[in-house]
Novice: 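Let me give you the structure first, and then I'll get to my questions.
Numbered from 1 within each chain, the chains take letters A, B, ... in sequence-line order.
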Protein chains: 2
Amino acid sequence: MQMEPLAKSRTLADQAMDMLVEAILRGDLEPGERIAEATLARNLGISRGPLREAISRLEGKSLLVRKPHVGVSVASPSAGEIIEVFQMREVLEGLACRMAAKQMTGIELDRLERILGDHSTHSDLQDGRAYYQSSGDYDFHYQIIVASRSKRLIDTLLGDLYQFIRIFRYRASAKPGRAQQAFREHMLILDALKARDPAAAEAAMRAHVARATETLRIALQEHRDPRDEHRASA
Amino acid sequence: MQMEPLAKSRTLADQAMDMLVEAILRGDLEPGERIAEATLARNLGISRGPLREAISRLEGKSLLVRKPHVGVSVASPSAGEIIEVFQMREVLEGLACRMAAKQMTGIELDRLERILGDHSTHSDLQDGRAYYQSSGDYDFHYQIIVASRSKRLIDTLLGDLYQFIRIFRYRASAKPGRAQQAFREHMLILDALKARDPAAAEAAMRAHVARATETLRIALQEHRDPRDEHRASA
DNA sequence: GTCGTGTCAACTGTTGACAGTAATTTTGAT
DNA sequence: ATCAAAATTACTGTCAACAGTTGACACGAC
């Protein structure tokens with residue numbers, strides 16, 4: 001019999017990293033907020049070494065930024081940078097969807113259809129906003145991304161990029177009616193996948209994410225970020 | 001009078017990181033090779049702390065991989081993973097090219113045209129292979145990526161992804177005649193950019209990178225990687 | 001009152017030593 | 001000779017203390 005070690009030899013730095021990401025996601029650490037190493041390490045019951053290591057790794061993923069001899073702080077991307085990330089997500093998820101169309105199994109397609117079926121009967125959908133911006137939308141995209149079978153793509157979209165996006169609660173900025181529209185777009189994507197039409201699947205996914213980006217852009221313009229002023233005007 | 005700080009407060013960890021990347025690019029550290037922290041730190045004249053920090057950052061960028069309690073080693077992606085990165089590059093550079101088409105200045109277009117002009121008269125081009133796989137091709141893509149004005153896109157394509165790709169010298173695997181074809185493809189891209197046609201520019205760039213990927217795929221099949229066997233067969 | 005300078009405290013950057021784990025070698029039995 | 005188990009070794013993971021830099025504050029000159 002062969003089994004995985006229960007605790008995968010998780011090092012303190014690993015735990016500290018997870019804990020940091022959690023804290024940022026939960027909102028305990030706000031974007032731009034500085035992190036005092038010594039204090040945080042004491043609170044976690046570890047020394048500064050492993051904590052610094054966790055910080056360095058997140059720094060490599062641009063979730064944290066460090067100013068030499070000053071300190072690390074949670075990344076605080078401007079509205080423009082968030083849009084940039086969404087644009088990248090558009091083409092990358094398009095790619096994932098194209099690949100998924102080629103190699104998705106029947107079982108995976110069924111699962112996707114079932115997820116969408118659950119959505120349609122879910123009460124939140126009728127209500128409007130919340131659902132698509134929380135787990136429902138996530139599940140749909142998640143399944144497709146995993147179906148791409150591309151290790152790097154999965155890591156990027158489900159790991160780095162997704163966490164980066166999730167930090168900033170701009171999900172809340174969905175417009176009323178966006179949920180229903182998104183649901184219809186999901187249907188179109190599913191159709192293309194079932195038809196095993198890579199080009200159509202990619203186009204449908206790109207259109208879907210592009211619309212979400214557009215909605216986001218409008219929402220962001222309402223609470224402007226001064227850092228974007230200098231490059232607007234075009 | 002305004003001036004840059006002389007030495008940008010570069011920390012030992014920063015220098016160690018650059019040094020590591022350099023060493024990997026130069027080939028001093030081969031893919032899969034393990035890194036002995038203590039030894040390397042001594043050779044660099046620093047202690048293990050900053051070195052570990054540099055390692056952690058590169059770990060976050062998946063240039064190095066760490067196995068707990070065993071050690072770090074240079075990432076050694078399988079042929080399949082390299083193809084995956086190229087596929088991501090295809091859509092991301094396509095995006096960059098689309099954005100560049102919208103906002104490139106006349107000066108930038110001139111510079112690009114000049115680069116291409118240099119290429120056409122460059123002796124290596126007539127010879128065949130080497131040129132496009134070295135700095136020439138890089139310059140062309142570099143200019144377009146920068147012209148996208150997207151901070152994240154530039155970081156990803158010119159930083160993380162590019163270094164990752166560069167580590168593995170599969171550039172050498174270009175086929176004879178590929179250089180001339182690539183040159184023609186560059187011309188098409190430039191045409192679309194000059195016409196300020198975003199869709200055409202994106203399509204042209206995607207086609208260009210897709211062809212390079214295909215060439216690479218063929219070259220990689222010759223020296224197979226055993227790790228890809230299980231997922232082949234399709 | 002404003003500007004510039006000097007001092008100070010708090011924090012980060014770095015170090016060397018210790019503890020713990022995984023691989024290797026050695027030893028012993030079959 | 002082959003294999004298994006135990007001891008050794010070499011490395012990583014972790015810690016606590018030291019050194020250096022930064023930004024703030026107070027003081028003094030203009």
Novice: Report, as yes or no, whether the 6.0 Å neighbourhood of atom CD on Glu214(A) holds more than 12 heavy atoms from other residues, nucleotides or ligands.
Specialist: yes

Novice: I need the CE-P distance between Met17(A) and dG13(D), as an integer number of Å.
Specialist: 14 Å

Novice: Among dG13(C), dT12(C), dG13(D), which nucleotide has an atom closest to any side-chain atom of Arg34(A)?
Specialist: dT12(C)

Novice: Check this for me: does any side-chain nitrogen of one of Glu59(A) and Lys67(A) sit under 4.0 Å from a carboxylate oxygen of the other?
Specialist: no

Novice: Check whether more than 12 heavy atoms from other residues, nucleotides or ligands sit under 6.0 Å from atom CD of Glu30(A), and answer yes or no.
Specialist: no

Novice: How many whole angstroms separate atom CG of Leu40(A) from atom C1' of dT12(C)?
Specialist: 14 Å

Novice: Send over the distance from Lys67(B) NZ to dG13(D) P, rounded to a whole Å.
Specialist: 12 Å

Novice: Write down the distance between CD (Glu37(A)) and P (dC15(D)), rounded to a whole number of angstrom.
Specialist: 14 Å

Novice: Using every non-hydrogen atom in the two residues, find where Arg34(B) and Gly71(B) come nearest and quote the distance to one decimal.
Specialist: NE-CA, 4.5 Å

Novice: So does Arg57(B) pair up with Asp14(B), basic N to acidic O under 4.0 Å?
Specialist: yes

Novice: Round to the nearest Å and state the distance from Arg42(B) atom CZ to dT12(D) atom P.
Specialist: 11 Å

Novice: Need one value for Leu51(B): base, sugar-phosphate or nothing, where a base atom within 4.0 Å counts as base even if backbone is also close, heavy atoms only.
Specialist: nothing

Novice: Nearest-Å distance, NE2 (His69(A)) to C1' (dT21(D))?
Specialist: 6 Å

Novice: So do Leu29(B) and Leu20(B) actually touch side chain to side chain, heavy atoms under 4.5 Å?
Specialist: yes

Novice: Within the 4.0 Å limit for protein heavy atoms, which parts of nucleotides 14-19 of chain C are touched? Write it as a string from 5' to 3', B for base, S for sugar-phosphate only, - for none.
Specialist: BB-B--

